[in-house]
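Notes follow the structure.
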Amino acid sequence: MSFDFSDNHFSLFGLPVQFRQDVVDIEAVYRTLQAQYHPDRAVTGSDSDKRFALQAATHINDAFHTLKSPLARARYLLKLQGFDTQEETNTSMPADFLMQQMEWREAIAEAKQTHDLDELEALATQLRSESRSLTTLIAGLIDDKQDFNRAGLVVRKLRFIEKLEQEIGDAIEALLD
Amino acid sequence: MALLQIAEPGQSTAPHQHRLAVGIDLGTTNSLVATVRSGSAVVLPDTAGFGLVPSVVHYTADNSVTVGHLAQARQIDDPRNTIVSVKRFMGRSVADLPDASSTPYRFVDAPGMLKIKTIAGEKSPVEVSADILRELRIRAEQSLGGELVGAVVTVPAYFDDAQRQATKDAARLAGLNVLRLLNEPTAAAIAYGLDNAAEGIYVVYDLGGGTFDVSVLELTRGVFQVRATSGDSSLGGDDFDQRLYCWILQQAGLTTPSDKDMRLLLSRAREAKELLTDHHTTRITAVLSDGEAIDLELSAETFQTITAQLVQKTLTPVRKALRDAQLATEDVKGVVLVGGATRMPHVRKAVADYFKREPLTNLDPDKVVALGAAMQANALAGNRGDEEWLLLDVIPLSLGLETMGGLVEKIVPRNSTIPTARAQEFTTFKNGQTAMAIHVLQGERELVQDCRSLARFELRGIPPMPAGAARIRVTFQVDADGLLAVSAKEQISNVEASIIVKPSYGLADHEIAQMLEDSMQNAEQDKNARNLLEARVEAQALLDATRSALATDSALVSPDEHGNIMQLLTQLEICQQGEDIQAIREATEQLNRITEPFAARRMDVGVRKALAGQRIDELG
Ligand SMILES: Nc1ncnc2c1ncn2[C@@H]1O[C@H](COP(=O)(O)OP(=O)(O)O)[C@@H](O)[C@H]1O
Ligand SMILES: [Mg+2]
């Protein structure tokens, strides 16, 4: 069995190194790879076969996860280009973006307080459309303009949005209990 | 064996060795063992023809163990030593039990996992489960006529790491080689999906005796991909019994019934519940130990009203699973009902109302999990048919670490596809700090106290550095059974510490030793059963070989010899039915000896025939 753990995720999946991807393709390749390497295929094998299967399948899951999520994929592509997205360190953001963040946060807090499930769902929909437009922006910056610096900024914005989406998800869940 | 079978030259003697593998549904209420036989999955019944084994174990003072229907019969007269629904206690401490006082047991709190005081000593839920599993293993070996290469054992999808570990320990203690722990709804999906060539999004709703699971799966060309799972590991048919039992107490004006009365009324409640599935009303009658008679009339409507809240409670995990899968009810192509409690009409109605479609009920909800597990066991053991499929499952609950201030930092989010590994870096917060405590938790809540503690360990020997300079990388690896291993490494000095997360109940070494010793007695029984089995299998092989040799080469035996052989053959057939291992062995040996000359003659003829078919120059 040939399996190169040092391959980048795109070559592992036989995909072009670019941001725009068809999720259906990614999923199809993913299933083919797991069908070959999953630990279920090594149950009667030696200990080293089992260890290899565990590592390979873990690696494939990780690659799949990275390729499928626009945020993780963008971050990974920029890393391949030698660009660090500085998500933990660089917190400088344009003022209008910060303003909007604050508005969203307030809206979430209020909906949480008043147990307003509909409002939370509405906010979630808004955020989803915001993250879709950021994703389109990233595609243009990376694939067409190779402007990795600006792409890095949009990745940081997308990260903020995803955190908010997570927060809304948790709030909705808490209300469901 | 004297009667060699002579294969044609160029033909292989054993075309394909079928490996004996089984699927085991270790249920709260009922357990089953199933296997794939000539291509289709079947439940293996006991000699009386029962497929379901009630998950009940009865212990006596002389340490004899009864499992199943016989044990169930002891429930009312010996409630303390008759353990039912032990699955509810797996990987749990007394503090975890919502209703410890409404069981007849005497619990003993041991670190991490409780024990139950019985007349045969303190029993851990792992031991009690192992007794059930051992019974199933022996049943399977006797009916399949050989040793098992392994078993797939099912667990509720919503079981946490401690509960999974406990199940795997129980299986090992029962002498089973665990090929895989498989989530129950996933097993059901395999059985359903393969039988119906299903494609699309399916929801499995599994309400058993003590657990509730819901899984959302995507079925695409032989791939079963779990998109999300949720549930409640302490919600099931038992809770409906409990609700009804409280209603009975209330109606009859009782407050503190004795253990025996409690068991009696709980059984009556369960009977009434099951009856109301097909009837509009029922009577509940019982005579208590003090002679008081209870006689109540209960309508299906009343029963449904007092349990409506429990039915609603199942819909919360359903909503969560769909949310996590980012799907709406309209995306769902079918809802598969699993578990005996889904027979209740109001449960079916609630599911139908929620999904706006009738659930699929063309499967036996009692058997489907075991059948799916058998199919998976067969595939994992390498008995490949033409059909190949792949299962991609997830972990049900997030895994994380304790950080400053009693907060939990999530490392592996719930519904991550397994196997998976995630790493996170941490640092020291004091100057010169040389050790770091690592506390592994499972659950969705933010505070440590609200999550389940899985393990604690320490990384020592970090070289003294200023606060914040050390880089400690903690890696979580979850395997295909959904079991976690955690390791930690300081990146600058390469100091390393790792553990396989054994849940905090952490069966100590001496406890395992004790358990194994206790099980030696059972092992003695097992060994006898196994020897008997082997003797029978060997006898059968000789009987078959002799009969087939006589059928094809009767010309090679004299009438006298034929008569002698037939006599010993009949004798062996009779012995083989009995339980006397020695007698079977002796009869086998006798038949073997008397057929030796015949076998030699066949061999000569066979070799001559074989040589005649070959050209001389090939023999060089
Ligand atoms: N006809 C029925 N009507 C209502 N409940 C039933 C019926 N048959 C079985 N049950 C309930 O189903 C539960 C057992 O389901 P099962 O799937 O065997 O559980 P488990 O998987 O936990 O062993 C019990 O609570 C039992 O009372
Ligand atoms: Mg079940």
Side-chain angles (χ1 to χ4, degrees), chain A residues 5 23-24 26-47 49-69 72 88 117 120-121 124-125 128 131 162-163 165-177, chain B residues 19 21 149-150 152 177-180 182 218 220-225 230 232 313 315-324 326 376-377 379-384 388-394 410 412-414 416-423 425 444-446 475-481 485:
Chain A
F5 287 93
V23 179
V24 176
I26 299 179
E27 285 183 342
V29 180
Y30 170 63
R31 294 194 192 105
T32 317
L33 284 171
Q34 284 296 20
Q36 192 176 349
Y37 295 106
H38 195 274
D40 282 356
R41 299 285 190 252
V43 170
T44 53
S46 66
D47 281 351
D49 289 346
K50 287 184 195 169
R51 214 167 24 247
F52 170 79
L54 175 65
Q55 284 167 359
T58 297
H59 187 76
I60 294 165
N61 275 335
D62 183 36
F64 175 59
H65 188 74
T66 305
L67 293 176
K68 205 179 148 191
S69 140
E88 307 297 336
L117 201 60
L120 285 170
E121 297 280 12
T125 311
R128 252 197 308 280
S131 68
E162 286 212 344
K163 274 191 183 159
E165 288 191 75
Q166 180 70 42
E167 216 171 286
I168 294 182
D170 291 348
I172 291 177
E173 200 141 282
L175 286 186
L176 289 180
D177 269 335
Chain B
R19 300 172 207 235
V149 294
V152 166
N177 171 34
V178 181
L179 299 172
R180 186 68 77 233
L182 177 62
E218 183 174 358
T220 356
R221 271 168 277 120
V223 181
F224 295 78
Q225 186 167 2
S230 188
D232 188 331
K313 209 173 160 192
L315 294 180
T316 303
V318 173
R319 276 191 208 101
K320 285 188 181 176
L322 282 175
R323 263 193 68 77
D324 280 354
Q326 300 185 331
Q376 186 67 3
L380 294 184
N383 300 322
R384 291 276 156 76
E388 277 212 15
W389 66 87
L390 173 70
L391 272 193
L392 296 165
D393 221 317
V394 301
K410 284 183 190 149
V412 189
R414 67 164 184 267
S416 297
T417 305
I418 52 175
T420 186
R422 300 283 165 94
E425 273 184 15
E444 306 312 316
R445 308 283 293 276
E446 278 167 32
T475 306
F476 281 48
Q477 167 83 60
V478 182
D479 69 14
D481 287 326

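Letters A, B, ... are given to chains in the order of the sequence lines, protein chains preceding strands, and every chain is numbered from 1. Because only heavy atoms are used, hydrogens play no part in the values below, and waters and symmetry mates are left out as well, while side chains stay in. Since this is a predicted model, take the numbers as computed values, not measurements.
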Taking side chain as C-beta onward, heavy atoms only, is A:His65 less than 4.5 Å from B:Arg422? yes
Restricting to salt bridge (Lys or Arg N to Asp or Glu O under 4.0 Å), what partner residues turn up for B:Arg414, sequence neighbours left out? A:Glu173, B:Asp324, B:Glu444
Over 12 foreign heavy atoms within 6.0 Å of CD, B:Glu446: no
Toward chain B, the part of A:Asn61 with a non-hydrogen atom under 4.5 Å: side chain
Side-chain contact test, heavy atoms from C-beta onward, threshold under 4.5 Å: evaluate it for B:Gln477 versus A:Leu54 and give yes or no. yes
Just wondering, are more than 12 heavy atoms of other shown residues or ligands nearer than 6.0 Å to CD in B:Gln326? no
Please look at A:Ile60 and chain B and tell me whether the side chain, the backbone, both or neither of the residue comes under 4.5 angstrom of a heavy atom of that chain. neither
Who wins among B:Gln376, B:Lys313, B:Gln225 for the most heavy-atom pairs under 4.5 Å with chain A? B:Gln225
Let me know if B:Arg221 has heavy atoms under 4.5 Å from chain A in its side chain, its backbone, both or neither. neither
Closest non-hydrogen contact found for B:Leu179 with A:Val43 is CD2-CG1, 3.6 Å
Side-chain contact test, heavy atoms from C-beta onward, threshold under 4.5 Å: evaluate it for A:Tyr30 versus B:Thr417 and give yes or no. yes
Distance check, rounded to the nearest 0.5 Å: B:Glu388 atom CD versus A:Arg41 atom CZ? 5.0 Å
Nearest non-hydrogen partners of B:Leu391 and A:Asp40, listed with the distance: CB-OD2, 4.1 Å
Looking at A:Ile172, A:Asp170, A:Asp62, which has the largest count of heavy-atom pairs under 4.5 Å with chain B? A:Ile172
With sequence neighbours excluded, residues passing side-chain contact (heavy atoms from CB on, under 4.5 Å) with B:Ala423: B:Arg473, B:Thr475
Do the non-hydrogen side-chain atoms of A:His38 and B:Pro419 ever get within less than 4.5 Å of each other? yes
Give, for atom CZ of A:Arg31 and atom OG1 of B:Thr220, the distance between the pair rounded to the nearest 0.5 Å. 3.5 Å
